[in-house]
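Owing to the predicted nature of the structure, the values given are computational and were not obtained by experimental measurement. Lettering of chains follows the sequences in order, A, B, ..., and the numbering in each one begins at 1.
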Protein chains: 2
Amino acid sequence: MAQDPRIDTRRPLTLRDVSEASGVSEMTVSRVLRSRGDVSQATREKVLTAARNLGYVPNKIAGALASQRVNLVAVVIPSLSNMVYPEVMTGISQILEHTGLQPVVGVTHYLPEREESVLYEMLSWRPSGVILAGLEHTDAARAMLENAGIPIVEAMDVDGVAVDSAVGISHRRAGMKMAEAILAAGYTRIGFLGTMMPYDHRARKRLEGLEEGLAAAGITLADREFYSGGSALLKGREMTEAILARSPDLDFIYYSNDMIGAGGLLYCLEKGIDVPNSLGLAGFNGVELLQGLPRRLATMDACRLEIGRTSAQIIAGIHPNGLIGGERIELTPKLEMGDTIRR
Amino acid sequence: MAQDPRIDTRRPLTLRDVSEASGVSEMTVSRVLRSRGDVSQATREKVLTAARNLGYVPNKIAGALASQRVNLVAVVIPSLSNMVYPEVMTGISQILEHTGLQPVVGVTHYLPEREESVLYEMLSWRPSGVILAGLEHTDAARAMLENAGIPIVEAMDVDGVAVDSAVGISHRRAGMKMAEAILAAGYTRIGFLGTMMPYDHRARKRLEGLEEGLAAAGITLADREFYSGGSALLKGREMTEAILARSPDLDFIYYSNDMIGAGGLLYCLEKGIDVPNSLGLAGFNGVELLQGLPRRLATMDACRLEIGRTSAQIIAGIHPNGLIGGERIELTPKLEMGDTIRR
DNA sequence: TTGAAAGCGCTAACAG
DNA sequence: CTGTTAGCGCTTTCAA
């Protein structure tokens with residue numbers, strides 16, 4: 001039960017309290033608690049016992065100010081609710097766990113101004129590094145990053161100019177690769193379905209890549225549609241129904257993500273549409289969810305885990321290839337044909 | 001404009017730099033940057049201009065140490081990858097956005113020791129409050145929370161003893177309520193399927209509530225099975241197949257979450273099982289995903305958004321009912337019958 | 001192996 | 001409205 005805040009004189013414990021309780025100088029207490037320098041076994045135990053008994057929790061604010069070192073890594077991502085960024089986070093955590101660094105997450109909801117303010121807020125805590133999604137930022141955000149004097153990794157995308165390091169895939173190339181696969185399978189009337197995200201640059205680049213790939217074969221996108229908000233699975237259904245009603249002769253639909261693709265797939269199966277023969281489908285991301293669907297949706301793995309891991313390695317300065325920043329690391333997404341592209 | 005990087009010794013900028021550049025005292029610069037106290041318009045503009053030109057980002061570490069105030073709220077949750085906690089986060093963010101407080105997320109992967117260490121790490125930054133999931137913690141974690149001297153909200157669950165405030169639903173009662181609905185619909189051979197999470201206390205409590213509710217009608221659970229890891233949707237399929245193979249006479253399956261429930265539903269539909277007449281199904285959580293499924297899975301809304309909002313309001317001291325901590329707030333989950341329980 | 005002194009960059013409290 | 005002083009709790013540095 002919390003004490004009544006009015007009579008709660010509880011001053012948070014300080015190093016001095018531990019020092020007095022143990023009869024050891026503050027400095028030595030500090031050494032013990034950080035395992036720095038040589039301290040005799042006897043002293044160490046006195047200190048540890050006192051600290052534990054008091055329930056002392058070090059004040060990292062003071063520690064950081066004094067040492068000019070902060071074990072925090074700022075991670076700035078657009079969203080937590082669509083499965084893709086949590087997996088990047090997982091990769092980051094896996095690496096940072098062994099380094100004494102801690103990720104701190106900020107969410108932008110795909111809004112550039114929000115990214116800017118989240119970044120400002122995080123930089124004001126002087127983190128050891130920043131990992132953020134994408135290469136597109138406001139001018140002010142970019143300036144902050146350039147002036148921060150810490151390693152910056154722009155993750156997920158390599159199509160553009162990075163402030164410092166970039167780790168990701170080329171979404172443009174991913175779109176082109178999909179175009180090639182679609183064409184190779186003999187589809188010619190291709191539609192695109194995406195959630196309407198004015199600032200989802202990566203989805204936009206995939207679409208551009210797709211169009212470029214199709215253009216090389218003299219084909220233009222037959223139809224496209226964008227929606228926003230709501231359940232992605234449901235939107236996938238609705239959009240698929242809508243686009244097929246409007247363009248019944250489509251023989252392929254490329255979805256900007258797996259969730260709406262899954263919705264589309266479920267819709268098609270219910271309607272008895274012959275997938276993949278009369279209609280081919282493909283999504284993007286390679287999310288785990290797809291494994292439980294009645295049929296395996298074609299997709300492309302976005303290398304999320306690897307991106308997270310590599311980004312964290314660069315920040316922590318422990319990349320196996322000795323990368324130290326300023327690099328552009330392009331990973332290659334794997335196309336998974338699944339059961340929704342005919343062969 | 002950024003300074004010339006060649007003469008950039010990369011000392012981070014301080015208030016003093018802004019002070020010198022603007023010809024205004026550090027204290028007044030500080031006032032302007034925090035919008036505290038009265039500062040003349042002329043001075044304010046001089047300061048703002050200088051700060052912007054230099055690209056100054058305040059050092060919150062120093063600020064926090066001096067003011068003994070930290071605008072951070074520690075949020076400690078088991079996972080980011082299963083849709084439920086992100087929605088709690090959304091509720092928290094919605095409220096905190098208007099308060100100057102910022103959530104900082106820590107993930108425990110359902111491991112008590114990890115929760116303890118994450119908590120320790122976060123408390124060492126002296127946050128203004130803590131929101132964490134559930135009422136079960138290690139003794140050490142509980143002690144830390146009790147000694148922190150800040151508001152603590154244990155969210156998601158109210159079945160137990162809270163350190164300070166508790167906001168959530170009774171999972172035990174949720175299980176009982178589901179038992180009643182199942183019995184009322186005339187099902188009698190009931191199975192339970194859950195992911196094996198030794199520390200998912202809330203799933204455990206729902207199961208206990210279910211069994212208690214069934215027991216009141218003299219019925220015992222006919223079968224149960226637990227799996228762990230992998231794609232929840234896929235696991236739902238596999239587990240459903242397995243349990244039906246072993247107990248073909250089951251007429252109802254209660255899933256510990258919607259994802260495995262959705263997998264089960266897809267499996268049953270494919271196999272041509274008559275849902276809900278020969279087999280009823282229900283999940284838990286009320287996730288958005290269900291809206292896109294071929295049939296609406298029965299579920300129970302876990303009030304995630306509301307839990308997040310209420311928790312944040314308590315921490316921020318802005319709860320509409322004037323709650324200030326030490327309360328137990330039980331929300332009531334709504335049963336959604338969907339299309340998978342016969343009526 | 002231990003301790004003392006001097007800040008880290010900022011803000012509270014007061015004085016002007 | 002603006003400036004001065006004295007720390008916040010810790011770590012660095014140097015001395016013992």
Side-chain angles (χ1 to χ4, degrees), chain A residues 10-48 50-51 54 56-72 100 121 123-128 148-149, chain B residues 9-48 50-51 54-72 100 121 123-128 148-149:
Chain A
R10 273 182 318 178
R11 182 180 46 73
L13 294 159
T14 69
L15 220 40
R16 159 175 248 120
D17 296 305
V18 181
S19 169
E20 284 169 1
S22 62
V24 176
S25 79
E26 282 188 44
M27 195 51 235
T28 301
V29 171
S30 169
R31 286 193 182 100
V32 172
L33 265 20
R34 288 177 300 144
S35 323
R36 278 283 151 70
D38 293 322
V39 179
S40 74
Q41 188 58 29
T43 310
R44 172 188 312 287
E45 271 164 21
K46 263 194 297 186
V47 170
L48 255 18
L54 291 172
Y56 173 68
V57 177
N59 186 331
K60 289 222 180 191
I61 297 172
L65 184 61
S67 67
Q68 305 282 63
R69 244 191 300 280
V70 179
N71 68 338
L72 263 23
E121 197 71 20
L123 287 178
S124 72
W125 287 99
R126 301 288 187 266
S128 296
Chain B
T9 62
R10 299 242 79 135
R11 181 180 49 74
L13 294 159
T14 68
L15 221 40
R16 158 175 248 118
D17 296 305
V18 182
S19 169
E20 283 169 1
S22 63
V24 176
S25 78
E26 282 188 43
M27 194 54 230
T28 300
V29 170
S30 169
R31 287 193 182 100
V32 171
L33 264 20
R34 289 177 299 144
S35 321
R36 278 282 150 71
D38 293 322
V39 179
S40 76
Q41 187 58 28
T43 310
R44 171 186 313 285
E45 271 164 23
K46 263 194 295 186
V47 170
L48 254 19
L54 292 171
Y56 173 69
V57 177
N59 184 331
K60 288 223 182 193
I61 297 172
L65 184 60
S67 67
Q68 305 281 61
R69 243 191 303 280
V70 179
N71 69 336
L72 263 23
E121 197 71 20
L123 287 177
S124 72
W125 287 100
R126 301 287 188 267
S128 295

Between B:Tyr56 and C:dG9, is there a contact of a side-chain N or O with OP1 or OP2 at under 4.0 Å? no
Can you tell me if the side-chain N/O atoms of A:Ser25 get under 4.0 Å from OP1 or OP2 in C:dA4? no
Would you indicate whether the side-chain heavy atoms of A:Arg31 and A:Thr28 approach each other to under 4.5 Å? yes
Less than 4.5 Å apart, side chain to side chain, heavy atoms only: is that true for B:Tyr56 and B:Val47? no
To the nearest Å, how far apart are [X] [atom1] and [N] [atom2]?
{"X": "B:Arg126", "N": "D:dC10", "atom1": "CZ", "atom2": "P", "value": "7 Å"}
{"X": "A:Lys46", "N": "C:dT2", "atom1": "NZ", "atom2": "C1'", "value": "11 Å"}
{"X": "B:Glu26", "N": "D:dG7", "atom1": "CD", "atom2": "C1'", "value": "14 Å"}
{"X": "A:Arg11", "N": "D:dC8", "atom1": "CZ", "atom2": "P", "value": "10 Å"}
{"X": "A:Trp125", "N": "C:dG9", "atom1": "CH2", "atom2": "P", "value": "15 Å"}

Against the side chain of A:Asn59, the closest entry in C:dG9, D:dC1, D:dG9 is D:dG9
Output the residues of residues 16-24 of chain B in contact with DNA chain C, where contact means a heavy atom of the residue under 4.0 Å from an atom of the strand; sort by number or write none. none
Shortest non-hydrogen contact from [X] to [Y]?
{"X": "A:Val18", "Y": "A:Val29", "value": "CG1-CG1, 3.7 Å"}
{"X": "A:Ala21", "Y": "A:Ala50", "value": "CB-CB, 4.1 Å"}
{"X": "A:Leu33", "Y": "A:Leu48", "value": "CD1-CD1, 3.9 Å"}
{"X": "A:Asp17", "Y": "A:Thr14", "value": "OD2-N, 2.7 Å"}
{"X": "B:Val39", "Y": "B:Arg44", "value": "O-NH2, 3.6 Å"}
{"X": "A:Lys46", "Y": "A:Ser22", "value": "CD-O, 3.8 Å"}

Within residues 27-37 of chain A, those residues having any heavy atom closer than 4.0 Å to DNA chain D are A:Met27, A:Ser30, A:Arg31, A:Arg34
Where along residues 62-69 of chain B does a heavy atom fall under 4.0 Å from DNA chain D? B:Leu65, B:Ala66, B:Gln68
A:Arg16, CZ atom: more than 12 neighbouring heavy atoms under 6.0 Å: no
Terminal axis angle for the helix from C:dT1-D:dA16 to C:dG16-D:dC1, five pairs an end, nearest 10 degrees: 30°
Is it true that a side-chain atom of B:Ser19 and a backbone atom of B:Leu15 form a donor plus acceptor pair closer than 3.5 Å? no
List in chain and number order the residues that pass salt bridge (Lys or Arg N to Asp or Glu O under 4.0 Å) with A:Lys60, two or more places apart in sequence or in another chain; answer none if no residue qualifies. B:Glu121
Using the test salt bridge (Lys or Arg N to Asp or Glu O under 4.0 Å), find all partners of A:Glu45 that sit at least two apart in sequence or belong to another chain. none
Please lay out, stage by stage, how B:Val32 and B:Val24 fare under the test side-chain contact (heavy atoms from CB on, under 4.5 Å). CA-CA 10 Å; B:Val32 171; B:Val24 176; over 6 Å; no
